[in-house]
Asker: 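Before we start, here is the structure in question, set down as structure tokens.
Every chain is numbered from 1, with letters handed out A, B, ... down the list of sequences. Every value quoted in this text rests on a predicted model; they were computed, and no experiment measured them.
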Number of protein chains: 2
Amino acid sequence: MSTEPPLFDLRSRPERRDAARNRELLLDAAHRLVDRDGVDAVTMDAVAAEAGVGKGTVFRRFGSRAGLMSALLDHGEARWQGRVISGPPPLGPGAPALDRLLAFGESRLERTLVSGDLMVAAAGRHGRSLPAVAFLVAHVRHLLAELDVTGDLPVLALSLLAPLDVAFVLPQLEAGVTRERILATWTDLVRRVVEAG
Amino acid sequence: MSTEPPLFDLRSRPERRDAARNRELLLDAAHRLVDRDGVDAVTMDAVAAEAGVGKGTVFRRFGSRAGLMSALLDHGEARWQGRVISGPPPLGPGAPALDRLLAFGESRLERTLVSGDLMVAAAGRHGRSLPAVAFLVAHVRHLLAELDVTGDLPVLALSLLAPLDVAFVLPQLEAGVTRERILATWTDLVRRVVEAG
DNA sequence: ACCTCAAACGGACCGTGGTCCGCTTCTATT
DNA sequence: AATAGAAGCGGACCACGGTCCGTTTGAGGT
């Protein structure tokens, strides 16, 4: 998911200066295009032109359009993850685990609404790859464990995350289901799971 | 989802003879290509050539590649839906609702495994559109109601279906999670929801 | 300073999904 | 049977994602 060079692999030489510069140029250009014309306007040719580099360079740096989108998404995701890990409760630590879990759902839904189009663009053929949701799974799993929920926690955590995924949220919104209904039902679902131990 | 003309809308004139013939030619051709070379080999040009018609015709009949794939999928889906509606229990009617629900999950997972690549190809930008899962939602909703589960049943039903969606199943399989774990966890999840009323 | 060569670059090129529009064919009407 | 016009057809055309490869550039060694 990350486009940074592997931070802890000392065998790999660091990125060359021009490569690093071009990465920044490209990210800035892409960000600008998203802000100005929306995600759909971010074609690989457009971002290359906007950054003033060749198209091949975009693919060299980000691998694919989905990779570039993931990189864009990462900025926001990292900040959001920061709030989950060390922000104020109930989303951050300090609140009871159930409160944190419910706050997590609401906050995650919010992020899906705000960055849904980027998430769609960052997804490969079949939905978001597992690394992309690893943090989410790990966090939910952790909270479930604190709540003494038993079972196959990794898979259960992902099952609880699925209804909040952009692939399910956006179509429902289009069909007229409100944000509130989705959130209320998710809260309900989580309560049932937790209460059943 | 269906590519048939609207059966009960008498205002719309039926499909012209040549159009109907070409639809069949195209479906046959596409089916042949899937069988012989896999879903990825089914390009719009290839299916047009195989059917001996122009490319424009393929788009006129099916709207998009996803539409064509949906049409291919429909054959299997319809047969499967038949088994759910009127096949032998516990999947079909006659068994207790909870048994039916659990059998539904297992059977659905099976279909996801068998036709996953077609499902992926049939999905638009964001996952499968709601009409494509309308039957699934309706059935699960019905069973939940029979089990006296309260709440926002349409949204709850979709939430239970989400973990069985190809977008979540395939990545897990690739990551080494077994079919059995996925099914067991889904069964567990459903039991918790039902038991909590 | 110079050399070396892996890394990076750029843009021509390709395959594929999707559109467009002038031409053809079917069908309802008389 | 003739006719009109809607429905359908085909394939040239376009945009976009992705690849390839000859050229350039930057960093470590001498």
Asker: By nearest heavy atom, map Asp45(A) and Thr57(B) onto DNA chain D; which one lands nearer the 5' end?
Answerer: Thr57(B)

Asker: Nearest whole Å is fine: how far is dC9(C) C1' from Leu25(A) CG?
Answerer: 13 Å

Asker: With no hydrogens and no angle check, is any side-chain donor or acceptor of Arg192(B) less than 3.5 Å from a backbone partner on Glu195(A)?
Answerer: no

Asker: Is the phosphate of dG8(D) approached by Arg16(B) (side-chain N or O, under 4.0 Å from OP1 or OP2)?
Answerer: no

Asker: Across the strands shown, which category fits Arg60(B) at heavy-atom distances under 4.0 angstrom: base, sugar-phosphate, nothing?
Answerer: base

Asker: Who pairs with Glu146(B) by salt bridge (Lys or Arg N to Asp or Glu O under 4.0 Å), at least two apart in sequence or on another chain?
Answerer: none

Asker: Counting side-chain heavy atoms from CB outward, which of dG11(C), dG10(D), dT25(C) is closest to Lys55(A)?
Answerer: dG11(C)

Asker: Take the protein atom CZ of Phe59(A) and the nucleotide atom P of dC21(D), then report the distance between them rounded to whole Å.
Answerer: 17 Å

Asker: Please report the shortest heavy-atom distance between Thr112(A) and Met119(A), naming the atom on each side.
Answerer: CA-CE, 3.9 Å

Asker: Of the listed nucleotides (dG17(D), dG10(C), dC9(C)), which one gets closest to any side-chain atom of Val53(A)?
Answerer: dG10(C)

Asker: Would you mind reading off the distance between Arg21(B) atom CZ and dA7(D) atom P, rounded to a whole angstrom?
Answerer: 18 Å

Asker: With the side chain counted from C-beta on, respond yes when Val193(B) and Asp188(A) share a heavy-atom pair under 4.5 Å apart, and no when they do not.
Answerer: no

Asker: If I take atom CE in residue Met69(A) and atom P in nucleotide dG18(D), what distance separates them, rounded to the nearest angstrom?
Answerer: 10 Å

Asker: Using OP1 and OP2 only, check whether a side-chain N or O of Arg61(A) sits under 4.0 Å from dA8(C).
Answerer: yes

Asker: With heavy atoms under 4.0 Å as the rule, sort Arg17(A) into base, sugar-phosphate or nothing.
Answerer: sugar-phosphate

Asker: Could you state the atom-to-atom distance from CZ of Arg23(A) to P of dA7(C) in whole Å?
Answerer: 15 Å

Asker: Check whether any side-chain heavy atom of Trp186(B) sits under 4.5 Å from a side-chain heavy atom of Val190(B), and report yes or no.
Answerer: yes

Asker: Quick check on DNA chain C: between Asp18(B) and Thr43(B), whose nearest nucleotide comes earlier from the 5' end?
Answerer: Thr43(B)

Asker: Think Asn22(A) has a side-chain N or O under 4.0 angstrom from the OP1 or OP2 of dC9(C)?
Answerer: yes

Asker: Can you check the Glu50(B) CD to dT16(C) P distance for me, whole Å?
Answerer: 15 Å

Asker: Let me know the distance between CZ of Arg65(B) and C1' of dC16(D), rounded to the nearest Å.
Answerer: 16 Å

Asker: Rounded to whole angstroms, how far apart are CE on Met44(A) and P on dA12(C)?
Answerer: 18 Å

